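Some notes on the structure that comes next.
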Amino acid sequence: MDETNTLIEQRRAKLTALRAKGLDPFRSKFSPKDACAGARANYVEGREVWVAGRVTAHRDMGKSMFIDVRDQTGRLQVYAQKNVLGEEKFEIFRHLDLGDFIGATGSLFTTKTGEISVRLTSFVILAKALRPPPEKWHGLADTEIRYRQRYLDLIANPEVKEIFLKRSQIVWEIRNFLHDRGFVEVETPMMQAIPGGAAAAPFVTHHNALGCNFYLRIALELYLKRLLVGGLDKVFEMGRNFRNEGLSRKHNPEFTMLEAYQAYGDYETMMELIQSMIGHVAQTVLGTLVIEHKDPTGQVTRTIDLTPPWRRIKYKDLVRERAGADWFDLTPQARRERAVSLGAEIAKEYEDFEVTQAVFEKLIEPTLINPTFVTHAPKQLIPLAKLSADDPETVEVFECCINGQEIAPAYTEQNDPIEQRERLAHQAGGEKQKLDEDFLVALEHGMPPAGGMGLGIDRLCMMLLGQESIRDVILFPQLKPR
RNA sequence: GCCUCGGUAGCUCAAUUGGCAGAGCAGUUGACUCUUAAUCAAUUGGUUGAAGGUUCAAGUCCUUCCCGGGGCACCA
């Protein structure tokens, strides 16, 4: 991003020249009556159209010239002729730069090669681009520029634009689905005195007037449960969480989470909800329940079948299936050795249940491509869920894994305030995080039994849109400032 | 934080063993009134991420740093 180079100087000189002619390309207003795609779709030979957009290509024929104009809906070819525009305007037109915005008026016609085009009668320059766009054929490949200057990526790489338009539809359809089921959308604090609902490292900020620190939320959970106490029986929030952790293909420091709670439901209610919701989104946005991921050459690398019903399997059974039927009969030391021999990295300080969890996360989860509800996790992993009636060492939860990733955890929510206090206190261990007394007081007022779930929207988009990196489904992923 | 790969013209990429930094697109000029990666002719454009070092000579080798990709660690 040099401040000057010859290309920028030339464009500035063109701007100066236009102004010398009394044309200010940044002052014009133009009200297009047609979108580019609409002009093509409603083709009538000779119909007058007003379109506006960015000049993305030009083909100079001497006394006539073709340009491509592009708006959000697509591309439209404009044909300019010297004998129609007149010498002076045609010269201005001929010196338009790639990237300039123009408004164009003319009549629709079809070229002899069959392309619907506009025979230009007049035009105005709506904005002059003072910097050159990326190259037209190869697009923009530099990942750093693609992420830092996403607008260039959106201009140069149509498939990238398509991904973000699809993401918008996915979010839209999730809201549609939940609204149709009677859920109420709410907004809860992002700045929290005690960051609860998960065990991630938070970001800290300072409030000057109150003279205290706040944490950016790491989860939505505890505030949404307060609303269950308050009588909002079906609530959801879709919003940003912030976790002060490493970045990776699967992690961005700020990411979008959907959490939904349904009073009088349980984890099985949530299974149905997630299965139906993701099915609805896939069907409406993609038109299919069979998702194919492809490599750059178009080869299918992975197929995900979202057709219900999705597989359900207990955590322990899945571990036995993959790590040996005798896994839970081994001594803790033997489990540790088995885990290492299977290829898991086991830190010395891991407790026994963490050894099993490492095997699950590193060796099993990545293989769960088709949707799988992994139920009944060990209680140590999840302090906010109810114990299973038939196995009190486990909780009534599931982790919905798709595409080798955790997509959505869900619980039968713990609503026993005494039990909840003990579990949180035990987990806090006096240091990791403070107890959210205000939340525990809310539970003591009585929270209806409920099912709750969280859904990582970014990871859902990766799965549905075939993207390998979370950065490719977030418009402006986090990068180190230059 | 650690390991690893990368950074060359506005963009996409070359540059052999350490031996004159190049091409395509974009730009500029010229030709062409149905082109569409238009075509044809000519032409401009470089602090090779930054700073040091080795060498007669460094894009290339060495050191440090910056930024990015991938992996690891962290991550109920």
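Computed from a predicted model, the values in this text were never measured in an experiment. In what follows, chains carry the letters A, B, and so on, assigned in the order in which the sequence lines appear, proteins first and then strands, with residues in each chain numbered from 1.
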Looking at [X], I'd like to know whether one of its side-chain N or O atoms comes within less than 4.0 Å of OP1 or OP2 on [N].
X        : N      : result
A:His58  : B:rG27 : yes
A:Arg471 : B:rG70 : yes
A:Arg59  : B:rU39 : no
A:Lys112 : B:rC34 : no
A:Arg148 : B:rG68 : yes
A:Lys14  : B:rU28 : yes

For the pair made of [atom1] in [X] and [atom2] in [N], what is the distance, rounded to whole Å?
X        : N      : atom1 : atom2 : answer
A:Glu345 : B:rC3  : CD    : P     : 15 Å
A:Ile8   : B:rU28 : CD1   : P     : 14 Å
A:Leu98  : B:rA37 : CG    : P     : 15 Å
A:Glu354 : B:rA73 : CD    : C1'   : 15 Å
A:Asp97  : B:rG27 : CG    : P     : 7 Å
A:Asp142 : B:rG49 : CG    : C1'   : 11 Å
A:Glu9   : B:rG45 : CD    : C1'   : 11 Å
A:Met61  : B:rC40 : CE    : P     : 13 Å

Sort out the partner of [N] for me: Watson-Crick or G-U wobble, both distances under 3.5 Å, none otherwise.
N      : answer
B:rG6  : B:rC67
B:rG24 : B:rC11
B:rG45 : none
B:rA58 : none

Is the closest side-chain heavy-atom distance between A:Met271 and A:Arg312 below 4.5 Å? yes
Can you check whether [X] and [Y] have ring centres sitting under 6.0 Å from each other?
X        : Y        : result
A:Phe93  : A:Phe123 : yes
A:Tyr261 : A:Phe236 : no
A:Phe66  : A:Tyr79  : yes

Is A:Arg167 close enough and on-axis enough to A:Phe164, meaning under 6.0 Å and within 45°, for cation-pi? no
Donor-acceptor pair present, [X] side chain and [N] base, under 3.5 Å:
X        : N      : answer
A:Thr111 : B:rU35 : yes
A:Gln81  : B:rU33 : yes
A:Glu115 : B:rU35 : no

How far does the [atom1] atom of [N] sit from the matching atom of [M], given to the nearest Å?
N      : M      : atom1 : result
B:rA51 : B:rC40 : C1'   : 47 Å
B:rC13 : B:rG18 : P     : 25 Å
B:rU55 : B:rU43 : C1'   : 37 Å
B:rU39 : B:rC25 : C1'   : 15 Å
B:rG49 : B:rU12 : P     : 14 Å

Can you figure out which of [options] approaches the side chain of [X] most closely?
X        : options                : value
A:Ala141 : B:rU35, B:rU12, B:rU33 : B:rU12
A:Lys480 : B:rC11, B:rC34, B:rG68 : B:rG68
A:Lys136 : B:rC74, B:rU35, B:rC25 : B:rC25

Once side chain to side chain contact (heavy atoms under 4.5 Å, CB included) is applied, do any residues pair with A:Lys161, and if so which ones, sequence neighbours excluded? A:Gln72, A:Leu154, A:Leu165
Tell me which one of A:Thr105, A:Ile102, A:Leu76, A:Thr73 satisfies side chain to side chain contact (heavy atoms under 4.5 Å, CB included) with A:Val51.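 In the set A:Thr105, A:Ile102, A:Leu76, A:Thr73, the residue that makes a side chain to side chain contact (heavy atoms under 4.5 Å, CB included) with A:Val51 is A:Leu76.
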